[in-house]
There are 2 protein chains.
Amino acid sequence: MSKKRLFDDPCGIARALNAVGERWALLVVRELVFGPKRYSDLHRGLPQMSQNVLAQRLRELEADGLVRRRRLGPPAPAAVYELTERGQELEPVLRALAHWGSRAPLPEDGAAELSVDALLFALRATFDPALAGELSLRCQLDVAGDRFRITVAGGRLELDRGEHAEPEAWLTVPEAATLRDLVFAGAALHDAVERADTEVAGDTARLAALLRCFPAAVRYPAPQDPGPPDPVSPGPVSPGPESPNAEHPDPAVSARSRRG
Amino acid sequence: MSKKRLFDDPCGIARALNAVGERWALLVVRELVFGPKRYSDLHRGLPQMSQNVLAQRLRELEADGLVRRRRLGPPAPAAVYELTERGQELEPVLRALAHWGSRAPLPEDGAAELSVDALLFALRATFDPALAGELSLRCQLDVAGDRFRITVAGGRLELDRGEHAEPEAWLTVPEAATLRDLVFAGAALHDAVERADTEVAGDTARLAALLRCFPAAVRYPAPQDPGPPDPVSPGPVSPGPESPNAEHPDPAVSARSRRG
DNA sequence: CGGCATCCTTCAAGATACTG
DNA sequence: CAGTATCTTGAAGGATGCCG
């Protein structure tokens with residue numbers, strides 16, 4: 001149990017990175033922000049993370065008081081991991097990263113699935129009150145069997161696991177990619193319904209309005225600085241906002257590969 | 001120039017970490033938030049970072065469009081690194097991390113110096129409007145020769161490199177640790193002045209009030225969960241001592257080692 | 001001297017297999 | 001299901017060399 005490699009720097013940023021700066025650590029926290037999960041669920045949400053590293057990160061996060069291991073049962077002797085209070089306080093960090101990262105380029109090989117929790121957290125992080133305006137809606141969401149409740153009111157969005165007592169709209173999608181395309185790739189709701197992989201009910205007009213409250217992420221242009229003697233020009237990184245669509249290179253992946 | 005190790009995950013958090021998740025990357029950004037710096041200044045602010053890693057991080061940050069290398073001169077052929085617009089947009093991320101990390105435990109061996117920019121950014125991140133109340137002040141700050149201007153008004157704090165046209169108060173400290181003790185360790189202003197390592201002028205009453213607007217960082221308590229029958233993990237990491245203050249082990253290091 | 005590039009060592013991360 | 005054990009790869013750390 002060798003001591004973890006730490007920044008010897010009293011700066012708060014360095015101290016934070018001492019706790020969550022190791023590779024995968026913040027993604028593990030991301031998988032837990034919506035509630036406790038078992039080891040295998042964590043592994044499902046982060047399939048590219050090797051298991052020994054996952055186990056090690058969990059031990060470190062537990063030692064630092066960000067994650068708590070709880071044993072359920074005895075009927076079903078399953079262990080779950082959940083964020084402590086201290087761990088939940090990382091949400092502003094995740095939110096800031098997700099907001100910034102939503103304008104970062106996608107990795108080239110779009111082979112990876114988007115985990116359900118990752119997608120839902122992206123909604124939390126990229127909700128734009130200006131786009132919401134006066135919209136008010138209680139929506140019940142089902143993504144591949146995971147149920148979430150969304151509440152929009154007063155320019156604010158709440159999003160948690162659970163059930164609304166009296167939803168005004170329902171949206172059921174078979175997998176995360178379907179919702180991803182609806183929200184971030186501008187896929188039309190009625191198209192998804194016609195392909196029969198999506199179900200809607202209730203106030204579909206306001207539901208469609210809700211889906212438009214999340215500004216689509218765009219690739220920002222490469223640091224092409226073709227050498228003008230422009231010492232401090234504001235221009236070069238302007239993310240060419242005149243391309244409101246053209247997001248995911250393959251919006252056709254939506255319908256397929258229903259999991260067993 | 002082997003390709004960087006990337007998360008193949010379309011989640012915004014993962015995409016952000018692909019840009020700034022490597023070790024030291026965010027600390028390099030921290031050193032640049034207050035303005036351009038030369039390579040050697042960066043190295044001074046991050047003495048524990050080996051130079052090859054610094055050069056590599058700078059190349060990666062430049063390739064990702066977060067940092068721009070600019071050549072000054074020709075009279076003085078010095079190169080400086082500065083944040084692009086995109087890089088400056090990381091400030092909310094740094095702020096969230098610094099705020100969270102200000103309540104994380106200090107590394108055991110407090111041997112490290114706090115870089116000037118790190119300390120000043122900590123002020124930005126931990127300023128508490130509630131503690132400021134109706135305080136209003138323009139203060140000129142000199143930390144080891146680096147000059148900053150602070151403006152507090154309407155429960156907001158601005159802090160940048162530069163000079164106030166008409167400051168209402170002045171504070172001059174010989175090194176970062178002195179200001180650190182004044183702000184975060186509760187050192188008294190008049191004591192510092194009497195030790196002759198600190199100079200104040202102008203409205204010292206409001207200056208003292210300003211210094212009290214930054215809640216001191218404390219070690220957060222161990223994951224004490226005394227309630228449920230938790231058979232596993234007896235919580236061996238409890239840092240134990242309930243010393244509510246006693247922050248910096250050696251508040252006597254303030255006066256000494258003026259750099260040539 | 002500032003600004004890196006190179007070489008070598010060490011240790012974390014990645015992949016796979018295996019066990020209670 | 002929930003991890004641990006083992007092996008390989010590759011990034012970080014440290015020293016030194018080089019070049020304008």
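Predicted, not measured: the structure shown is a model, and the values here were computed from it. Proteins come first, then strands; the chains are lettered A, B, ... in the order of their sequence lines, and each starts at number 1.
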Listing time: all N or O pairs from protein to nucleotides 17-20 of chain D that are below 3.5 Å?
none

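- B/Ala122 is linked by a side-chain contact (heavy atoms from CB on, under 4.5 Å) to B/Phe184, counting only residues two or more places apart in sequence or in another chain.
- Close to C/dG3, at under 4.0 Å from its OP1 or OP2, lies no side-chain N or O of B/Arg71.
- For B/Arg38, the salt bridge (charged side-chain N to carboxylate O under 4.0 Å, His left out) criterion is met by B/Asp41, not counting sequence neighbours.
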Secondary structure string for DNA chain D (Watson-Crick or G-U under 3.5 angstrom, | for other-strand pairs): .|||||||||||||||||||
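- A cation-pi contact links A/Arg86 to B/Trp100, judged by a cut-off of 6.0 Å to the six-membered ring centre and 45° from its axis.
- For A/Glu60, the salt bridge (charged side-chain N to carboxylate O under 4.0 Å, His left out) partners at least two apart in sequence or on another chain are A/Arg57.
- Shown here are the side-chain hydrogen bond (donor to acceptor under 3.5 Å, both in side chains) partners of B/Ser50, two or more places apart in sequence or in another chain: B/Asn52.
- By the side-chain contact (heavy atoms from CB on, under 4.5 Å) test, A/Pro47 is found to be paired with no residue, residues two or more places apart in sequence or in another chain being considered.
- Between A/Arg44 and D/dA2 there is no side-chain polar atom (N or O) within less than 4.0 angstrom of OP1 or OP2.
- Neither OP1 nor OP2 of C/dG2 sits under 4.0 Å from any side-chain N or O of B/Tyr81.
- A/Gln140 meets the side-chain contact (heavy atoms from CB on, under 4.5 Å) test with A/Arg147, A/Arg149, A/Glu163, A/His164, A/Pro167, A/Trp170; sequence neighbours excluded.
- Judged as a salt bridge (charged side-chain N to carboxylate O under 4.0 Å, His left out), and not counting sequence neighbours, the contacts of B/Asp117 are B/Lys37, B/Arg161.
- Remark: A/Glu85 engages no residue in a salt bridge (charged side-chain N to carboxylate O under 4.0 Å, His left out) (not counting sequence neighbours).
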Nucleotides 13-20 of chain C: protein proximity per nucleotide (B base, S sugar-phosphate only, - neither; heavy atom, under 4.0 Å): SBB-----
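- For the side-chain contact (heavy atoms from CB on, under 4.5 Å) test, residues two or more places apart in sequence or in another chain that qualify with A/Gln48 are A/Trp24, A/Ala112, B/Asp8.
- When the nucleotides D/dA2, C/dC4, D/dT4 are ranked by their closest atom to the side chain of A/Ala55, D/dT4 comes out on top.
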